[in-house]
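Below: the structure, in structure tokens.
None of the values given here were measured: they were computed from a predicted structure. Start at 1 and go down the list; that is how both ligands and their atoms are numbered.
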Amino acid sequence: MSKFYITTPIFYVNAPPHLGHAYADIIADIIARYHRLRGDETFFLTGTDEHGAKVARAAEKAGVEIPKFVESVRENFRKLASVLNISNDDFIFTADEERHFPGAIKLWKKLEEAGDIYKGVYEGMYCVGHEAFITEKDLEDGKCPDHNEAPQIIKEENYFFRLSKYTEPLKKAVEFGELAILPKKRAHELSSLLEEGLRDISFSRPSKDISWGIPVPGDQTQTMYVWCDALANYISALGYGREDESKFQKFWPADVHLVGKDILRFHTAFWPAMLLSAGLPLPKTILVHGLVRVGGRKMSKTLGNVVDPFEIVKNYGADAFRYYLSREVGLFEDGEFTEEKFAAAYEGNLVKGVGNYVRRVSTMIESYFAGSLGEIGEERVAAVPLRKGSLDFLNIEKKSDSEIEFFSIPYFVNEILWKKYVEAFASYEVNRAADIAFGFLKELDSYVDDYKPFKLIETDKEKAEAVLWSLSYGALALAKMLYPFMPATSEEILKIYGVESFDQNSWKTFKVSKHAQLFPKKE
Ligand code: ME8
């Protein structure tokens, strides 16, 4: 059994969660659930980023004391995880003095010991929306185009982190594969940054201006700058800096930090440099996802196109939403969400796809075999193989027509399909893994059309039984592959076919039960 540690970004609590936060939660959950399915000891972390000017300003605007304000938004993020059926093992929030502060402080001290923190004067522009210093070239008409707001002009004393020292070490880490950045084009973005050479970065702000944060160890007049505080969450949650660091020893380094492309620089340059400075191992993979747009535009309050995930789940259920975001939205590109596309995918692939298939097969078993299929032996299963088209959707090169092999469904599932599915997850191609499951569903539908068990039952009951047995096995294989994506639906399918586990070896007899439509049709 190997260990697997995956994280989402921690989300700012300046505003309620939106579709984008749901997206990151869902993708990370899919990967975590896949690893649990494989038997890996998995630790999945999410949480909230609660310090800094942006959050303080939002609280002030709402007329609520900061701690109260952040607590209520934090609860909203927890609720989001719960309604989306996210299986996180922990939830860290940066205002947590007991669990988060010690790790952030220990990390700061390590960087200081390495001689990488020094005091200097910062002169420049600060965008509160980004919680980052920006430059002239980031502006349009004097404003930050992402936040439609002029930056603050700042001249102040800060502590700096000697990021420049890590340009070469980072190049090496990427070159020697110690730090993988996926997809490749995002690795190229880091390479360009490294080619330009990294510059030292501000690591604190004066407490008189920003007091909502962690005080710099040994200097109460300065507050840790949000990113140094926030990035530390990935280790503070594991107990780094607290009395019991055993979880940290066990799970660090992270196997995957899932992040949006908006925070690439912080995770591929700042964070690894901080870890190198502290003498800690680097995360294995930074998995960078694209952003989801709505109606062709970036979601924004001003445009009024912010999608509320709670509404969608209320109308369609969590699994449908999880399905759409993980299959129909490309992980590595910017994606698009529209209610129309979502409704069409729901109808086409869930109502008419998964739901119909499961119902159709179980109904036949009920009417022809009183709901029960016994063990039928390999020979009879092999006598009703999949039709020859079954490799097409896997992009496997087919043999010449005369050599085409015909596979029984169990053989196909175990020797071909599952391996392809595992391969897709090994490179974090979540969409491809979902495509494989849905490609298989299509094959199963064609298999019904090929053998027509509803007719066969009149002429050859034995063969009809073997066909329905194979179709049941197929339904369970589908359920297993869908588990990371649609866990509730998947578990429901197991129940419907009367088996208790995802272990193929236990799928020998089936006893189907009546059930409501998995995905009810929408008006
Ligand atoms: O940046 N589409 O927090 P944040 C897809 N606190 N994903 C989206 C998205 C969209 N339109 N919008 C946001 C922060 N996300 C910092 C992170 S980490 C140590 C600190 C997701 O609330 C995406 O994963 O702005 C993005 O990187 C993250 O939310 C940013 O959330």
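Contacts between Asp262 and ligand 1 below 4.0 angstrom, taking non-hydrogen atoms only, involve the side chain exclusively.
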Evaluate the criterion side chain to side chain donor-acceptor pair (under 3.5 Å) for residue pair Ser87 and Arg36; output intermediate values, then yes/no. CA-CA 10 Å; Ser87 63; Arg36 285 196 205 99; 2.8 Å; yes

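A donor atom on one side chain and an acceptor atom on the other are not found under 3.5 Å apart for Asn431 and Glu328.
Short contacts between ligand 1 and Asp49, defined as distances under 4.0 Å to a heavy atom of the residue, involve ligand atoms 6 (N), 16 (C), 20 (C). The Ala24 neighbourhood of ligand 1 comprises atoms 24 (O), with distances under 4.0 Å to a heavy atom of that residue. Counting the atoms of ligand 1 from 1 in the order shown, those under 4.0 Å from a heavy atom of Trp227 are 16 (C), 17 (C), 20 (C).
Taking the six-membered ring for Trp and thresholds of 30 and 60 degrees, Tyr34 and Tyr421 have ring planes more than 60 degrees apart, a perpendicular arrangement. Between Trp252 and Trp271, the ring planes are perpendicular. Angles over 60° get that label, and only those under 30° would be called parallel. Ring geometry for Tyr346 versus Tyr316: interplanar angle over 60°, hence perpendicular rather than tilted (30 to 60°).
Put simply, part of His267 is less than 4.0 Å from ligand 1, judged by heavy atoms. Ligand 1 is approached by His289 to a heavy-atom distance shorter than 4.0 Å.
Among protein heavy atoms, the minimum distance from atom 3 (O) of ligand 1 is reached at Tyr12 CD1, 3.3 Å.
When the shell of 6.0 Å around NZ of Lys185 is examined, it contains more than 12 heavy atoms from other residues, nucleotides or ligands.
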